[in-house]
Chemist: 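Encoded as structure tokens, here's the structure I'll be asking about.
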Amino acid sequence: MLQIKPVLAALKRHKAGAVLIGLQIALTLAIVCNALFLIQQKVTHLSRTTGIVESDLLTVGSEWTNASGAEVGSLVRTDLQTLRQLPGVADVGVSYGYPLRGGGWNDGVSTKPDAKQSAALAWRFFVDDHVLSVLGAKLIAGRNFRPDEIRVVDSHNLVTPAQLIITKALADKVYPNQSALGKPLYIAAATSPSTIIGIIDHLQGGSASSWSDAISDYVVLEPKLLTDKSNAYLVRAQPGQLSAITKVVRTALFKTNRMRIIPDGEGEGAGVRSFAQVREQAYKSDRGMAIIMSVICAVLLIITAAGIVGLTSFWVSQRRKQIGVRRALGATRGDILSYFLAENFLISLGGVLAGIVLALGMSLWLVMHFETQRLSLPYVLVGVLLLLLLGQAATLAPALRASCISPVEATRST
């Protein structure tokens, strides 16, 4: 505390350098706080559960080149039989839509036919009676679809299904404080209801994009096979057999019928992919954004530390004679060290106070323009602590050099 007055007096004589470093600290704090908050959101997004058993699961996208709608049902059944006979295959289902697929179908659902507003917006997965067991989704109430309930339709004639299976999150949304099992549900503009025959614990929607977060857990399973869409075969491999099945599945399907397309590449409708590849592609942008923001934070912190080191070293070189005089008058090495640390602390403190205001303002701007969440206070506090510690660490080396200056410097001419 005794060194505060001389520190403040010295800073008044070096206003430009102190202000520049303070502004650099403020800007770094504002960016780092918001970046760390966004990184945490991205990491949380990446770790979301899908509600399925992701290991040993293979997805196979297949499109027919010359089959009419009436033929597709028969062709798909032949494919299913072929895939189920492959060595190492535990079960196979067919679906238009599955977690993290990369696109799909969603519509409003309600509990009344004349509802002016939907009770919720939900993903629609069109599945057969094997999909639930293939995915490993947990049925917590009711039953699965029966084979005779699967209807072959096209997307322009989506007749209202008699039965539905929905997720628990959607069930709680449309029928709060009561069981949804056996209750009616209207999909889109349907005038006749479907009956909820089953409820699954959790199933993620078809997209990992941030726009779908609000409806990510709202999923409706319908017992349908679409004839005019790119369906996916979902293959559950026996433990340790996924790689072997991946190598032979294309050949097996083309032997059955060559008039098909199994697309290469990534994204919606892609060909043969393990679910690990599906997840990796779905969160590719989130992962990339988190990495980029982490690099930006690291670079900013390094630049700020370098600025503090440079400024402190410059001040030490300018004050060698003053430091020598203080040493000659009895100042210890600890006194000199604490002086420069206190000087930096005051600059850093002013910088972080301005940075707090700037960080909150930046967060508000992001909320207004990009619909992000408001910056949480703990991230501001972490950022403040980080910048203060960084400032002290960056000052330590030049301050130690200053503390080693001999009293003889006082006798040297400038």
Chemist: Is there a donor in the side chain of Thr82 and an acceptor in the side chain of Thr256, or the other way round, less than 3.5 Å apart?
Modeler: yes
Chemist: I'd like to know if the side chain of Arg84 reaches the main chain of Val92, judged simply by a donor and an acceptor atom lying under 3.5 Å from each other, with no hydrogens or angles considered.
Modeler: yes
Chemist: Check the pair Ile262, Leu253 against side-chain contact (heavy atoms from CB on, under 4.5 Å), reporting the backbone distance first and the verdict last.
Modeler: CA-CA 9 Å; Ile262 301 179; Leu253 288 175; 3.9 Å; yes
Chemist: What is the minimum heavy-atom distance between Ile197 and Asn144, and which atoms define it?
Modeler: CD1-O, 4.1 Å
Chemist: Closer than 3.5 angstrom, by distance alone: can the side chain of Gln81 be matched with the main-chain N or O of Thr78 as a donor-acceptor pair?
Modeler: no
Chemist: Is the shortest side-chain heavy-atom distance between Phe275 and Thr50 below 4.5 Å?
Modeler: yes
Chemist: Could Asp128 and Arg77 be called an ion pair, given the rule that one side-chain N must be under 4.0 Å from one carboxylate O?
Modeler: no
Chemist: Which pair of heavy atoms, one from Ala208 and one from Tyr283, lies closest together, and at what distance?
Modeler: CB-CE2, 3.5 Å
Chemist: Given salt bridge (Lys or Arg N to Asp or Glu O under 4.0 Å), test Arg124 with Asp107 step by step and report yes or no.
Modeler: CA-CA 7 Å; Arg124 300 175 69 178; Asp107 268 313; 2.8 Å; yes
Chemist: Looking at CG of Leu377 and CG of Leu360, how far apart are the two atoms once the value is rounded to the nearest 0.5 Å?
Modeler: 8.0 Å
Chemist: Would you check, one step at a time, whether the test side-chain contact (heavy atoms from CB on, under 4.5 Å) holds for Ile405 with Ile336?
Modeler: CA-CA 9 Å; Ile405 293 176; Ile336 303 301; over 6 Å; no
Chemist: For Gln318, does the CD atom have more than 12 heavy-atom neighbours from other residues, nucleotides or ligands under 6.0 Å away?
Modeler: yes
Chemist: Is a side-chain donor-acceptor pair under 3.5 Å present for Ser133 with Asp91?
Modeler: yes
Chemist: Would you say NZ of Lys183 has more than 12 non-hydrogen atoms from neighbouring residues, nucleotides or ligands within 6.0 angstrom?
Modeler: yes
Chemist: Please report the interatomic distance CD1(Ile166) to CD1(Ile200), rounded to the nearest 0.5 Å.
Modeler: 9.0 Å
Chemist: Could you report the tightest heavy-atom contact between Val159 and Val153, atom names first, then the distance?
Modeler: CG2-CG1, 4.1 Å
Chemist: Sub-3.5 Å donor-acceptor pair from the side chain of Thr332 to the main-chain atoms of Asp335, do we have one?
Modeler: yes
Chemist: Step by step, would you call Asn344 with Gln392 a side chain to side chain donor-acceptor pair (under 3.5 Å)?
Modeler: CA-CA 7 Å; Asn344 172 266; Gln392 294 294 282; 3.1 Å; yes
Chemist: Can you confirm whether more than 12 heavy atoms, excluding those of Arg151, are under 6.0 Å from its CZ atom?
Modeler: no
Chemist: Let's go through Arg260 and Thr65 carefully: what are the C-alpha distance in whole Å and the side-chain angles of both, what is the deciding distance for side chain to side chain donor-acceptor pair (under 3.5 Å) to 0.1 Å, and is it a yes or a no?
Modeler: CA-CA 5 Å; Arg260 71 170 79 237; Thr65 58; over 6 Å; no
Chemist: Work out which heavy atom in Ser230 is nearest to a heavy atom in Ser62; give both atom names and the distance.
Modeler: OG-O, 4.1 Å
Chemist: Is there a donor-acceptor pair under 3.5 Å between the side chain of His369 and the backbone N or O of Trp365?
Modeler: yes
Chemist: Is there a side-chain contact between Arg143 and Gln163, using heavy atoms and a 4.5 Å cut-off?
Modeler: yes
Chemist: Quick one: are Val127 and Ile150 in side-chain contact, heavy atoms under 4.5 Å?
Modeler: no
Chemist: Under the side-chain contact (heavy atoms from CB on, under 4.5 Å) rule, what do Leu27 and Leu23 come out as? Steps first, then yes or no, please.
Modeler: CA-CA 6 Å; Leu27 182 60; Leu23 290 176; over 6 Å; no
Chemist: Going through the checks in order, is the salt bridge (Lys or Arg N to Asp or Glu O under 4.0 Å) test met by Arg236 and Glu54?
Modeler: CA-CA 9 Å; Arg236 171 62 60 186; Glu54 299 183 13; over 6 Å; no
Chemist: Are Phe125 and Trp105 near enough that their ring centres are under 6.0 Å apart?
Modeler: no
Chemist: Is it true that a side-chain atom of Ser179 and a backbone atom of Leu181 form a donor plus acceptor pair closer than 3.5 Å?
Modeler: yes
Chemist: Side chains of Asp228 and Ser155: do they bring a donor and an acceptor to under 3.5 Å?
Modeler: yes
Chemist: What's the separation between atom OG1 in Thr28 and atom CG in Leu390, rounded to the nearest 0.5 Å?
Modeler: 8.5 Å
Chemist: When you compare the side chains of Ser216 and Asp213, does any donor N or O come within less than 3.5 Å of an acceptor on the partner?
Modeler: no
Chemist: Taking all heavy atoms of Ala119 and all of Val174, pick out the closest pair and write down the distance.
Modeler: CB-CG1, 3.9 Å
Chemist: Judged by atom type as modelled, is there a donor-acceptor pair below 3.5 Å linking the side chain of Thr395 to the main-chain atoms of Leu341?
Modeler: no
Chemist: Short question: side chain of Ser363, backbone of Ala359 - any donor-acceptor pair under 3.5 Å?
Modeler: no
Chemist: Let me confirm one number: the CG-CG distance from Leu386 to Leu36, rounded to the nearest 0.5 Å.
Modeler: 7.5 Å
Chemist: Would you find a donor on one side and an acceptor on the other, under 3.5 Å apart, between the side chain of Arg327 and the backbone of Ser403?
Modeler: yes
Chemist: Say whether, by atom type as modelled, one donor and one acceptor occur between the side chain of Ser207 and the main chain of Ser209 under 3.5 angstrom.
Modeler: yes
Chemist: Are any non-hydrogen side-chain atoms of Leu58 and Tyr233 less than 4.5 angstrom apart?
Modeler: no
Chemist: Side chain to side chain donor-acceptor pair (under 3.5 Å), that's the test. Do Arg401 and Ser313 meet it? Break it down for me.
Modeler: CA-CA 9 Å; Arg401 288 198 300 271; Ser313 298; 2.9 Å; yes
Chemist: Any salt bridge (Lys or Arg N to Asp or Glu O under 4.0 Å) involving residues 373-395? Give me the pairs, sequence neighbours left out, ordered by first then second residue.
Modeler: none
Chemist: Quick one: does Leu301's side chain get under 4.5 Å of Thr304's, heavy atoms only?
Modeler: no
Chemist: Is NZ or CZ of Arg326 both nearer than 6.0 Å to the six-membered ring centre of Tyr339 and within 45° of the ring axis?
Modeler: yes
Chemist: Does either side chain, that of Gln204 or that of Asp217, offer a donor lying less than 3.5 Å from an acceptor on the other one?
Modeler: no
Chemist: Would a 4.5 Å heavy-atom cut-off, applied to side chains only, mark Leu221 and Phe145 as touching?
Modeler: yes
Chemist: Just by distance, with hydrogens left out, do Arg101 and Thr59 show a side-chain donor and acceptor under 3.5 Å apart?
Modeler: no
Chemist: Could you tell me if the side chain of Val220 sits less than 4.5 Å from the side chain of Trp123, heavy atoms only?
Modeler: no
Chemist: What are the two closest non-hydrogen atoms of Ser348 and Gly391, and how far apart are they?
Modeler: OG-CA, 4.2 Å
Chemist: Just wondering, are more than 12 heavy atoms of other shown residues or ligands nearer than 6.0 Å to CE in Met362?
Modeler: yes
Chemist: Whether Glu343 and Arg319 form a salt bridge (side-chain N of Lys/Arg under 4.0 Å from carboxylate O of Asp/Glu) is what I want to check.
Modeler: yes
Chemist: Charged N to carboxylate O under 4.0 angstrom, Asp286 versus Lys42?
Modeler: yes
Chemist: Under the side-chain contact (heavy atoms from CB on, under 4.5 Å) rule, what do Val72 and Val152 come out as? Steps first, then yes or no, please.
Modeler: CA-CA 9 Å; Val72 169; Val152 180; 5.9 Å; no
Chemist: Hey, which of Val316, Leu400, Leu396 is the one that makes side chain to side chain contact (heavy atoms under 4.5 Å, CB included) with Phe340?
Modeler: Val316
Chemist: Are any side-chain N or O atoms of His202 and backbone N or O atoms of Thr49, one a donor and one an acceptor, separated by less than 3.5 Å?
Modeler: yes
Chemist: Decide yes or no for Thr191 and Tyr186: does some side-chain heavy atom of the first lie under 4.5 Å from some side-chain heavy atom of the second?
Modeler: no
